Amino acid sequence: MFKNVIINIENPKQPLSNLDYGVIEAKYGPMVMAYNLKDNFLHIAYFHFVQEKPIATFAADMKKRWPGVILKEDSEKAQRSFETYFQKQKPKREIYVMFTGTKFQNKVWSALLKIPYGEERTYNEVASMIRMPKSVRAAATAVGRNDIAIFVPCHRVKAKNNDINKYRWGNELKRKILADEKSKN
């Protein structure tokens, strides 16, 4: 989806205290984006496909993930922020993704960022990338718990038998994203 995006990892030292969020229109349909704008950079903590769920469902999920976080919904502001970073034609864009998982999950998600645009890897390869080749199931579980769709490319991971039918947001969407990436590679 975003070939020229430089993604920096941010591991917040303290629990998240506040997040802006809203429903935005993106290339593959509506998404909920929770983020902070700091130092002229977009810091994304949550990027989920809406898929006909009410926004209150996502707010409840975020409250569960980050107890005590103050959430401020403003879909218009979220859309403007998104467009500022991704709709304007810039040769390179730079964002931060906020990893708030376990140490193991953060390792797996960091490995996903190393999968080149338009390419795929198996869960076995991801486990090997983090130097834990026997942790294939745990790596697969971590991939499935990724909260930052598209930017942390869990869609680029498949089973060893090439089965891609395990995408959290639907198999058809995964096929579409992969085909789009491969056509632009």
Side-chain angles (χ1 to χ4, degrees), residues 1-10 19-38 40-59 61-62 65 71-101 108-121 126 142-158 162-185:
M1 182 173 175
F2 302 112
K3 187 173 184 175
N4 295 321
V5 175
I6 299 165
I7 299 175
N8 300 300
I9 299 167
E10 179 179 5
L19 284 171
D20 291 319
Y21 77 103
V23 175
I24 62 160
E25 284 301 321
K27 182 173 185 171
Y28 300 108
M31 300 189 81
V32 171
M33 179 174 79
Y35 64 99
N36 287 319
L37 289 173
K38 293 189 289 191
N40 292 319
F41 288 102
L42 186 63
H43 298 251
I44 299 175
Y46 193 86
F47 202 70
H48 279 241
F49 291 98
V50 171
Q51 299 181 318
E52 300 179 20
K53 293 178 188 169
I55 195 162
T57 304
F58 299 102
D61 186 37
M62 287 184 271
R65 290 174 194 285
L71 295 171
K72 182 180 176 196
E73 180 192 356
D74 187 338
S75 292
E76 287 180 28
K77 180 181 175 188
Q79 186 70 42
R80 280 192 311 272
S81 297
F82 180 76
E83 287 173 1
T84 296
Y85 283 88
F86 303 109
Q87 308 301 23
K88 294 182 180 177
Q89 294 299 324
K90 296 180 184 178
K92 293 274 185 201
R93 300 164 192 100
E94 190 171 351
I95 66 161
Y96 287 81
V97 289
M98 291 189 265
F99 285 172
T100 55
V108 170
W109 299 335
S110 294
L112 297 182
L113 293 173
K114 294 175 183 161
I115 302 172
Y117 186 88
E119 293 184 22
E120 294 176 77
R121 298 292 183 269
V126 171
V143 169
R145 290 202 175 134
N146 171 32
D147 276 327
I148 307 173
I150 304 292
F151 296 107
V152 179
C154 54
H155 61 276
R156 295 182 191 151
V157 184
K158 61 186 177 182
N162 283 327
D163 180 9
I164 65 164
N165 294 321
K166 305 228 183 322
Y167 192 52
R168 176 182 190 173
W169 292 289
N171 307 332
E172 192 56 40
L173 182 58
K174 181 174 183 167
R175 281 187 200 87
K176 187 176 181 177
I177 295 167
L178 288 170
D180 192 36
E181 284 189 3
K182 288 176 183 180
S183 74
K184 292 177 183 165
N185 204 5

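All residue numbers in this chain count up from 1 along the given sequence. Note that the structure is predicted; figures quoted are calculated from it, not measured.
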- Item | Test side-chain contact (heavy atoms from CB on, under 4.5 Å) applied to Asp180 and Lys176, step by step | CA-CA 6 Å; Asp180 192 36; Lys176 187 176 181 177; 5.7 Å; no
- Query: Does any non-hydrogen side-chain atom of Lys27 lie less than 4.5 Å from one of Ile177?
  - Reply: no
- Find out whether Leu113 and Pro153 are in side-chain contact, i.e. whether some heavy atom of one side chain is under 4.5 Å from a heavy atom of the other. yes
- Message: Nearest 0.5 angstrom please: Leu37 CG to Ser81 OG, how far?
- Response: 4.5 Å
- Message: Can you tell me which residue among Glu119, Glu181, Lys174 is in a side-chain contact (heavy atoms from CB on, under 4.5 Å) with Arg156?
- Response: Glu181
Using atom types as modelled, flag every donor-acceptor pair under 3.5 Å from a side chain in residues 51-59 to any protein atom, sequence neighbours excluded.
from, atom 1, to, atom 2, distance (Å)
Gln51, NE2, Trp169, O, 2.4
Thr57, OG1, Pro54, O, 3.2

- All heavy atoms of Asn146 vs all of Val152, minimum pair found to be ND2-O, 2.8 Å
- Task: Can you measure from CH2 (Trp109) to SG (Cys154) and round to the nearest 0.5 angstrom?
- Result: 10.0 Å
- Message: Determine whether a donor-acceptor pair (N or O, by modelled atom type, separation under 3.5 Å) exists between the side chain of Glu73 and the backbone of Asp20.
- Response: no
- With sequence neighbours excluded, residues passing side chain to side chain donor-acceptor pair (under 3.5 Å) with Asn36: none
- Note on the structure: Output for pair (Leu178 CG, Glu120 CD), nearest 0.5 Å, gives 4.5 Å
- Given side-chain contact (heavy atoms from CB on, under 4.5 Å), test Tyr21 with Tyr35 step by step and report yes or no. CA-CA 6 Å; Tyr21 77 103; Tyr35 64 99; 5.5 Å; no
- Message: Ile7 vs Ile95, test: side-chain contact (heavy atoms from CB on, under 4.5 Å). Steps then yes/no.
- Response: CA-CA 5 Å; Ile7 299 175; Ile95 66 161; 4.2 Å; yes
- Task: Quick one: do Tyr96 and Ile44 satisfy side-chain contact (heavy atoms from CB on, under 4.5 Å)? Show the steps, please.
- Result: CA-CA 6 Å; Tyr96 287 81; Ile44 299 175; over 6 Å; no
- Message: For Glu10, give me all partners under salt bridge (Lys or Arg N to Asp or Glu O under 4.0 Å), at least two apart in sequence or on another chain.
- Response: Lys38
- Task: Please identify each residue that fulfils ring pair (Phe, Tyr, Trp, His ring centres under 6.0 Å) with Tyr46, with sequence neighbours left out.
- Result: His48
- Query: What heavy-atom pair brings Leu19 and Met98 nearest, and what distance separates the two atoms?
  - Reply: CD2-CE, 4.0 Å
- Task: Sequence neighbours left out, what passes side chain to side chain contact (heavy atoms under 4.5 Å, CB included) with Glu76? Give chain and number order.
- Result: Asp74, Arg80
- Item | Trace of the ring pair (Phe, Tyr, Trp, His ring centres under 6.0 Å) decision for Phe49 with Tyr28 | CA-CA 8 Å; Phe49 291 98; Tyr28 300 108; 7.1 Å; no
- Task: Quick one: closest heavy-atom pair of Gly118 and Lys182, and the distance?
- Result: O-CG, 3.3 Å
- Message: A side-chain contact here means heavy atoms from C-beta on lying under 4.5 Å apart; do Leu42 and Phe151 qualify?
- Response: no
- Query: Shortest non-hydrogen contact from Ser75 to Gly22?
  - Reply: OG-CA, 3.5 Å
- For Lys72, check salt bridge (Lys or Arg N to Asp or Glu O under 4.0 Å) against everything at least two apart and list the hits. none
- Do the side chains of Asn8 and Val97 get nearer than 4.5 Å, heavy atoms only? no
- Looking only at heavy atoms, what is the nearest atom pair of Ala45 and Ile148, with distance? O-CG1, 3.7 Å
- Give every residue pair that meets the salt bridge (charged side-chain N to carboxylate O under 4.0 Å, His left out) criterion with at least one member in residues 143-154, sequence neighbours excluded. Arg65-Asp147, Asp147-Arg168
- For residues Met33 and Ala78, report the shortest heavy-atom separation together with the two atoms involved. CE-O, 3.5 Å
